[in-house]
Amino acid sequence: MAGAKYIFVTGGVASSLGKGIIAASLGKLLQARGYRVTNQKLDPYINIDPGTLNPYEHGECYVTVDGTETDLDLGHYERFLNVETHRENNLTSGRIYQNVIERERRGDFLGKTVQVIPHITDEIKRNILQLGQSGKFDFVIVEIGGTVGDIESLPYIESIRQMRWEMAKDCLSIHLTYVPFVRAAGELKTKPTQHSVKELQQEGVQPDILVLRTEHTIPPDVRKKVALFCNVESDAVIESIDVETIYDVPLRMQAEHLDSVVLRKLGINDTHKADMSEWIRFINKLKNASQTVTVGLVGKYVKLPDAYKSIIESLIHASAYNDRKLELKLIHSDNLLSEKHCETMLNNLDGILIAPGFGERGMEGKILAAHYARTHRVPCLGICFGMQCMVIEFARHVLGYADAHTTEVNPDTTHPVIDMMENQKHILHKGGSMRLGAYACQLVENSVVQAIYQKTLIEERHRHRFEFNNSYQTEFEAAGMICSGFNPETHLVEIIEVCSDAQWYIGVQFHPEYRSTVLNPHPLFINFIRAASR
Ligand code: GLN
């Protein structure tokens with residue numbers, strides 16, 4: 001294909017309609033036709049990145065291989081497309097403004113008034129075009145966060161308007177709205193959609209395709225009506241009905257011909273059908289599993305499952321892989337206050353996953369869960385803070401160091417089994433300053449993790465400040481907790497394990513969940529679910 005095409009995905013009526021899933025699904029379909037696709041997310045908030053946001057504000061913070069803290073939609077892109085994203089795949093207004101202001105200080109605009117139009121919009125366009133001009137992609141699918149009409153998203157919509165004006169042939173706009181069913185009237189209502197499209201038109205953008213989220217089938221006359229009122233062709237009104245799993249969405253979109261309509265509207269003559277056979281194989285395994293595996297996810301943000309998005313999706317991938325139906329129990333670590341609580345709240349679980357986290361709240365609950373899992377031999381996977389809790393539990397109950405702790409929570413502990421790296425100690429600002437992104441990890445010969453990965457050198461993504469304190473390594477190993485993965489350069493401990501024929505107890509300092517995809521479930525999760533299924 002000569003030059004990249006740009007597909008913009010905006011949303012209206014309400015937030016949380018699943019723009020990210022629609023954008024990822026379209027990406028998947030185009031990819032399955034043989035095109036090279038990348039997805040980009042533009043977030044209108046002012047934070048430089050979501051790294052400093054509480055998960056309750058914005059869900060999980062997803063980390064790319066290059067160490068960028070990004071929006072959780074990038075996780076959907078990677079899980080659906082099975083390709084890595086990078087820093088340039090996520091932008092926020094904060095970064096856009098930061099770039100422009102830095103240039104202003106440098107003197108790049110000397111003599112000029114720096115304004116939203118053209119300077120901010122130019123910077124937005126530059127960041128979109130940069131992906132297309134890299135020569136690596138046929139399609140750049142750009143999702144705009146928020147809903148049209150928001151003050152913050154205006155510069156983005158304006159940038160789309162300009163790009164459509166400047167390169168109409170290469171641009172396409174998809175608008176996602178919601179069609180509510182009003183029970184009292186027994187009717188689907190399209191007025192909110194009409195208003196949302198009007199709003200977009202007022203900002204200068206005429207959508208080419210409308211995707212209507214709905215809980216009920218949209219009859220042909222309603223589609224026609226939307227088409228007529230919103231100036232789109234009626235086959236460009238696409239229904240996106242509620243489905244059992246998000247992984248059904250690409251197939252639903254294929255059935256609605258979203259990919260064909262996109263290609264036709266971009267003037268691309270392609271009569272192939274997207275080959276979704278591998279995807280369908282996964283869906284079949286996901287839906288046809290008859291036996292259940294019950295996993296408890298112990299964390300402090302469980303009231304918003306989006307806070308653990310990648311972990312939950314990884315568990316789903318791995319369960320389907322093992323022909324198991326995942327029964328997920330979200331367990332609030334704040335509610336685990338004693339061994340007695342663990343007996344009642346953890347006793348029906350096949351596996352326990354101890355979640356990542358920061359700070360004191362809920363931590364003792366995670367340590368209790370680790371203790372329960374280790375002493376009751378329940379398969380247990382600890383991730384990052386979860387791994388650190390496993391280490392602390394072991395130090396307290398096996399090594400006998402009652403006050404063992406992480407210096408994150410107790411800086412005065414006499415047994416700092418988890419401590420901050422020397423080179424982190426002088427860093428005072430909080431944004432983007434953790435150990436972030438992919439690092440190599442050497443697995444120890446004959447360890448359980450080496451058997452799981454079937455390799456000795458792996459690479460996994462990180463997001464933390466604190467580390468296993470190497471001065472305790474010999475003591476831990478003598479007592480049965482083996483350090484089985486190390487950073488080859490710094491010798492930091494990346495993995496601990498207490499495993500035998502009867503026990504699967506593994507903690508990882510990194511975040512394996514960022515690497516699990518539909519077509520490539522992560523070996524650690526696969527193995528954890530396998531152990532839990534026994
Ligand atoms: N709070 C811990 C640290 O900074 C763990 C972070 C995490 O779980 N991602 O080291």
Side-chain angles (χ1 to χ4, degrees), residues 49-65 67-70 72 75 297-302 304 306-312 314 333-334 352-367 369-370 380-393 395 404-411 413 416-439 441 460-470 472 483 485 487 490 492-496 506-516 524:
D49 60 46
T52 50
L53 286 173
N54 182 320
Y56 274 150
E57 291 273 325
H58 209 71
E60 145 190 297
C61 170
Y62 186 80
V63 179
T64 52
V65 271
T68 313
E69 298 175 282
T70 70
L72 58 72
L297 170 57
V298 181
K300 67 171 172 181
Y301 298 116
V302 291
L304 181 75
D306 265 5
Y308 299 113
K309 193 83 210 163
S310 293
I311 292 179
I312 296 174
S314 303
S333 52
D334 271 351
I352 294 176
L353 194 148
I354 308 182
F358 293 84
E360 185 168 14
R361 189 172 63 77
M363 183 182 194
E364 291 299 323
K366 287 184 178 171
I367 294 173
C380 181
L381 174 61
I383 298 181
C384 207
F385 205 49
M387 171 266 201
Q388 298 175 354
C389 290
M390 290 163 117
V391 168
I392 294 163
E393 188 281 323
H405 226 309
T406 165
T407 50
E408 174 177 2
V409 174
N410 179 6
T413 172
V417 289
I418 304 291
D419 198 6
M420 193 182 275
M421 290 179 288
E422 270 315 310
N423 62 2
Q424 283 276 351
K425 287 187 177 160
H426 66 281
I427 299 174
L428 295 175
H429 64 269
K430 294 268 189 260
S433 61
M434 281 185 264
R435 181 180 171 206
L436 288 166
Y439 285 87
C441 171
E460 294 282 4
R461 302 181 203 178
H462 291 249
R463 182 172 187 252
H464 58 104
R465 285 196 178 83
F466 294 81
E467 305 279 352
F468 181 92
N469 183 342
N470 283 43
Y472 288 92
C483 302
N487 181 300
T490 57
L492 288 168
V493 173
E494 309 281 37
I495 309 175
I496 53 93
I506 297 177
V508 290
Q509 184 58 79
F510 49 77
H511 290 267
E513 71 273 23
Y514 295 142
R515 254 194 44 206
S516 184
L524 262 180

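Just follow the structure's listing: the first ligand is 1, and inside any ligand the first atom is 1. We use all heavy atoms of the structure for the numbers below, so side chains are in, but hydrogens, waters and symmetry mates are not.
From the protein, the heavy atom lying nearest to atom 9 (N) of ligand 1 is Arg463 O, 2.9 Å. The protein heavy-atom contact nearest to atom 4 (O) of ligand 1 is Arg465 N, 2.9 Å. Given atom 5 (C) of ligand 1, the protein heavy atom at minimum distance is Gly357 O, 3.3 Å. Ranking the protein heavy atoms by distance from atom 7 (C) of ligand 1 puts Cys384 SG, 3.0 Å first.
Classification of Arg361 and Asp334 as a salt-bridged pair holds, one side-chain N sitting under 4.0 Å from a carboxylate O. Between Glu513 and Arg463, none of the side-chain N atoms (NZ, or NE/NH1/NH2) sits under 4.0 Å from a carboxylate O, so this pair counts as no salt bridge.
For the atom pair CZ of Arg461 and CG of Leu436, the computed distance is 12.0 Å after rounding to the nearest 0.5 Å.
Residues Gly359 and Val409 approach most closely at C-CG2, 4.0 Å, considering heavy atoms.
Taking 4.0 Å as the cut-off, Glu467 does not count as a neighbour of ligand 1 on heavy-atom distance. At least one heavy atom of Gln388 sits closer than 4.0 Å to an atom of ligand 1.
Ring-plane geometry between His462 and Tyr439 is classed as perpendicular, the angle between the planes exceeding 60 degrees on a 0 to 90 degree scale with a lower cut at 30.
Atoms of ligand 1 lying under 4.0 Å from any heavy atom of Phe466, numbered from 1 in the order shown and given with element: 3 (C), 4 (O), 10 (O). Remark: ligand 1 atoms within the under-4.0 Å shell around heavy atoms of His511 are 9 (N).
Taking the six-membered ring for Trp and the full ring otherwise, the centers of Phe385 and Phe358 sit at least 6.0 Å from each other.
Annotation: side chain of Leu524 is in contact with side chain of Phe510 (closest heavy-atom distance under 4.5 Å).
One option in Glu408, His464, Met363 has a heavy atom closer to atom 2 (C) of ligand 1 than any other, and that option is Glu408.
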